[in-house]
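Heads up: the structure comes next, in structure tokens.
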Amino acid sequence: MPDALGFYRTMRFIRRFEERAIELVRAGEIFSGIHPCIGQEAVAAGACGALDPDDIVLSSHRGHGHLLAKGCDPGRVLAEMAGRVTGIDKGRGGSFHPSDFSAGVYNSTGTVGHGAGIAAGIAWAAAKAGEPKVVLSFFGDGAVTQGALLEGFNLAGLWQLPVVYICENNRYATTLPVETAVAGTITGRGEAFGIPSSDVDGQDVEVVHAAVAEAVARARSGGGPSLLVMDTYRYHGHHTFEMLVRLRYREQAEIDAWKARDPLDIQAARIDPADRDRVDAAVEAELDEVVRFAVDSPRPDPADAMDHYYADGFRPRPGVSL
Amino acid sequence: MPKLSYLKALNRALGDEMTRDESVFVLGEDVNFALTNVTAGFLKKFGPDRVLEVPLTEQGFTNFATGAAMAGRRPVIEFQIPFLLLLVFEQITNQANKFLMMSGGQRSVPVTYLMPAAGWRAGWGAQHSDQPYSMFAHMGVKTVLPATPTDAYGLLTTAIRDDDPVVFFGPLAALTVREIVDYEDLRPIPLGSGRIHRSGTDVTVVALGHLVHEALQVAEDLAEEASVEVWDPRSVYPFDWAGLAESVSRTGRLVVFDDSNRSCGMGAEILATAVEEMHLTAPPKRVTRPDGAIVGAVPELDAVLQPTKEQLAEAIRTVLKSPGW
Ligand SMILES: Cc1ncc(C[n+]2csc(CCOP(=O)(O)OP(=O)(O)O)c2C)c(N)n1
Ligand SMILES: [Mg+2]
């Protein structure tokens, strides 16, 4: 388990990584734009901090924090976002669909909510193989109105699979407030399938960690799945395209109120200010290297565009035959 | 020598692969009681961990299979009705089939989607009678459509061993076909390898799925008039373009007999490719379903909406009579 300073370091790293990434979006180095997770760092750091290295994470479109907290090489994550061949997926997953099997990150689906069933399948296969692995499946509040997510809950509950479902309730699905989308409650959805479910303060990394650690322990000992609903908030737009189009779907006062409970500040209050300064400087130095590695990495060769479509090397016909 | 039915071939291929490879398992609705007979005897032989009875939760269990495949298993999902493949079209084409590429080649998703009763179901209505194999070819998913028990055995075996997602269509109208075989002769058949069922010199008829058997009857009926080659691609994606080109290079004329809907169906793709890339001495024709759906409920209506032997004979005559381009 990370100590108080370790949690702070992970969150600080995620926040500054995202801020540096936004600079790279502006600079045109990250062509796709990104879904920044700034404001939600405590969920990634606390949840992944409760895992063993062999445990598995399924991420979402807002997933950079999950990858970094799970132990992916930050330089290769940033290179992936920038479409470089040194990226964890050779640039073919991008910011949106990264996976890194060497770090146990199996998938980040762009189809909101559809990781839940995939998580159940991974957990089932691991359990049948006698491997004591736990699968963490992240998704947003927008996913809880998706039937496939509930089908995944049903299978996980039915077969008591070692999955911990983590809903990052950041109050919005793009512009849609959660109150205008969700009938009943999010925890009620888990309870309906016999899955222990609870709301958690997603801004306090130690609270997140304790809740996830308990759910992971239950899953690992054969006690089945859990659903944890993290109350959290994203400070930035849904996607960096919001830097170009001003969407006014939330009040500044609301954003300010959430910033008053900033996860980094909450954790910083628990550590020595001198340690904090030391960590901040070390993070900056490491990120300079990370950014240099990503930006200096080669771009892909267009001749390789159809690589990896099929496992046996079968190459699809090109769009024109002359 | 024993008589092998199409369904028995599926049962045998799946059972042989489950015996050979511990990572293979089957999941589906009513598989415990082997509603379709494909999993007959399996529960007793392989146990409930490898014969996984699932609730009616197609998107859930199709994603589940993707996850199990990522974790090293080889799931075979049995689907009961063609439209269920449409219900999980996203899960197959977007989650499973793109994953190897999106992961930069890190991990493939070896799932087999087995649809052992595709096509028209007499009297079951429009919703149960689709034949959507062209849609999977369109999305670049490996897709097979064997016509005979031997090919069904060989292609199901290959599909299960293949490291990519593969959709297997067993045409309902071919399930009653039986073949005298020596079990020793059953073996995997590579994807993308077509088969000449009957050699001919005047025209190539590309027949798909159960229509292979009807095309063979038409070829026989027309034997006095013309020498008809009946060629079966066996897999629609990848497609044996070289094999087709070879046949057409001998006959110069082409008719496609395809149970897809007309717009954007395999028939359209085969004609387009032949015209673009092969040497045809006369304009080709296709015989397909109409655009959109068939009625499915009434034999008189469906008989005229599905591709028929009479239409094929007519199309062959027209193509043979054509003076050329
Ligand atoms: C099934 C599906 N519907 C719609 C979209 C388009 N979309 C992408 S992200 C998003 C909002 C997701 O909101 P939420 O799940 O709360 O996650 P957040 O963005 O807040 O982290 C939408 C509508 C999608 N990718 N998948
Ligand atoms: Mg949200």
Side-chain angles (χ1 to χ4, degrees), chain A residues 56 58 80 85 87-94 96-102 106-111 114-126 128-129 131 133 135 146-156 158-159 161 306-312 314-317 320-321, chain B residues 22-23 25 27 49-50 52 54-75 87-88 90-91 94-111 140-142 161-165 190-192 237-239 241 269 273 276-277:
Chain A
I56 291 159
L58 290 196
E80 182 62 32
V85 294
I88 47 178
D89 306 291
K90 303 192 173 104
R92 285 159 158 84
F96 221 155
H97 311 303
S99 58
D100 180 358
F101 283 78
S102 67
Y106 273 32
N107 189 6
S108 308
T109 180
T111 312
H114 284 244
I118 298 176
I122 296 169
W124 176 85
K128 291 295 171 195
E131 298 166 356
K133 291 182 185 171
V135 182
Q146 192 59 229
L149 180 106
L150 304 177
E151 294 190 16
F153 283 6
N154 188 60
L155 292 178
L158 187 66
W159 295 328
L161 300 175
M306 280 184 172
D307 283 2
H308 307 304
Y309 272 52
Y310 300 95
D312 55 5
F314 164 66
R315 288 183 89 82
R317 294 184 298 166
V320 62
S321 60
Chain B
E22 284 271 308
S23 69
F25 70 101
L27 67 159
D49 282 356
R50 298 186 65 205
L52 205 55
V54 287
L56 282 67
T57 188
E58 289 78 13
Q59 297 191 338
F61 68 62
T62 304
N63 282 332
F64 173 93
T66 298
M70 285 175 175
R73 304 291 291 262
R74 289 185 175 273
L87 193 60
V88 299
E90 193 279 338
Q91 289 71 32
N94 208 31
Q95 304 296 337
N97 200 50
K98 292 177 187 168
F99 188 73
L100 179 73
M101 182 266 285
M102 295 198 307
S103 70
Q106 285 178 81
R107 198 150 299 189
S108 60
V109 179
V111 182
V141 183
K142 291 176 174 176
R161 292 186 193 177
D162 198 278
D163 284 335
D164 290 314
L191 302 182
Y237 196 87
F239 194 94
W241 296 113
E269 182 54 42
T273 299
E276 274 190 303
E277 299 177 6

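The analysis underlying the following values was restricted to heavy atoms, covering all of them including side chains, and did not include hydrogens, waters or symmetry mates.
- In this structure, Arg317(A) pairs ionically with Glu269(B), as a charged nitrogen and a carboxylate oxygen lie closer than 4.0 Å.
- With a 4.5 Å cut-off on non-hydrogen atoms, Leu52(B) touches chain A through its side chain but not through its backbone.
- With salt bridges taken as basic N to acidic carboxylate O contacts below 4.0 Å, none links Lys90(A) and Asp307(A).
- By the 4.0 Å N-to-carboxylate-O rule, Asp163(B) lies close enough to Arg74(B) to be salt-bridged with it.
- Side-chain N/O atoms of Gln106(B) and Asp89(A) include a donor and acceptor closer than 3.5 Å.
- Taking the six-membered ring for Trp and the full ring otherwise, Tyr106(A) and Phe99(B) have centroids separated by 6.0 Å or more.
- Note on ring orientation: taking the six-membered ring where Trp is involved, the planes of Phe25(B) and Trp124(A) are tilted (angle from 30° to 60°).
- Side-chain N or O atoms of Ser99(A) include none that pairs as donor or acceptor with a backbone N or O of Ser103(B) at under 3.5 Å.
- In terms of heavy-atom pairs under 4.5 angstrom with chain A, the leader among Glu276(B), Lys98(B), Glu277(B) is Glu277(B).
- Contacts of Glu90(B) with chain A are made by side-chain atoms alone, with heavy-atom separations under 4.5 Å and no backbone atom involved.
- Counting only distance, with no hydrogens or angles, the side chain of Asn107(A) and the backbone of Leu58(A) share no donor-acceptor pair below 3.5 Å.
- Chosen from Pro238(B), Gly192(B), Ser23(B), Pro75(B), the residue pairing most often with chain A at heavy-atom distances under 4.5 Å is Pro238(B).
- Both the backbone and the side chain of Asp49(B) have a heavy atom closer than 4.5 Å to some heavy atom of chain A.
- Ranking Ala311(A), Gly121(A), Gly110(A) against chain B, the residue ahead of the rest is Gly121(A), based on heavy-atom pairs under 4.5 Å.
- Residues of residues 146-154 of chain A that come closer than 4.5 Å to chain B, counting heavy atoms only, are Ala148(A), Glu151(A), Asn154(A), ordered by residue number.
- A donor-acceptor contact under 3.5 angstrom links the side chains of Gln91(B) and His114(A), judged on distance only.
- Of the two parts of Tyr237(B), only the side chain, counted from C-beta on, holds a non-hydrogen atom closer than 4.5 Å to a non-hydrogen atom of chain A.
- If you measure heavy-atom distances from Pro110(B) to chain A, you find no contacts under 4.5 Å at all.
- Among the candidates Met70(B), Arg107(B), Glu22(B), the residue making the largest number of heavy-atom pairs closer than 4.5 Å to chain A is Arg107(B).
- Contact of Tyr310(A) with chain B is made through backbone and side chain together, with heavy-atom distances under 4.5 Å.
- In terms of the side chain to side chain contact (heavy atoms under 4.5 Å, CB included) criterion, residue partners of Ala96(B) (sequence neighbours excluded) are, by chain and number, Thr66(B), Val109(B), Tyr113(B), Pro165(B).
- Asp100(A) and Ser102(A) share a donor-acceptor pair across their side chains, judged by distance under 3.5 Å alone.
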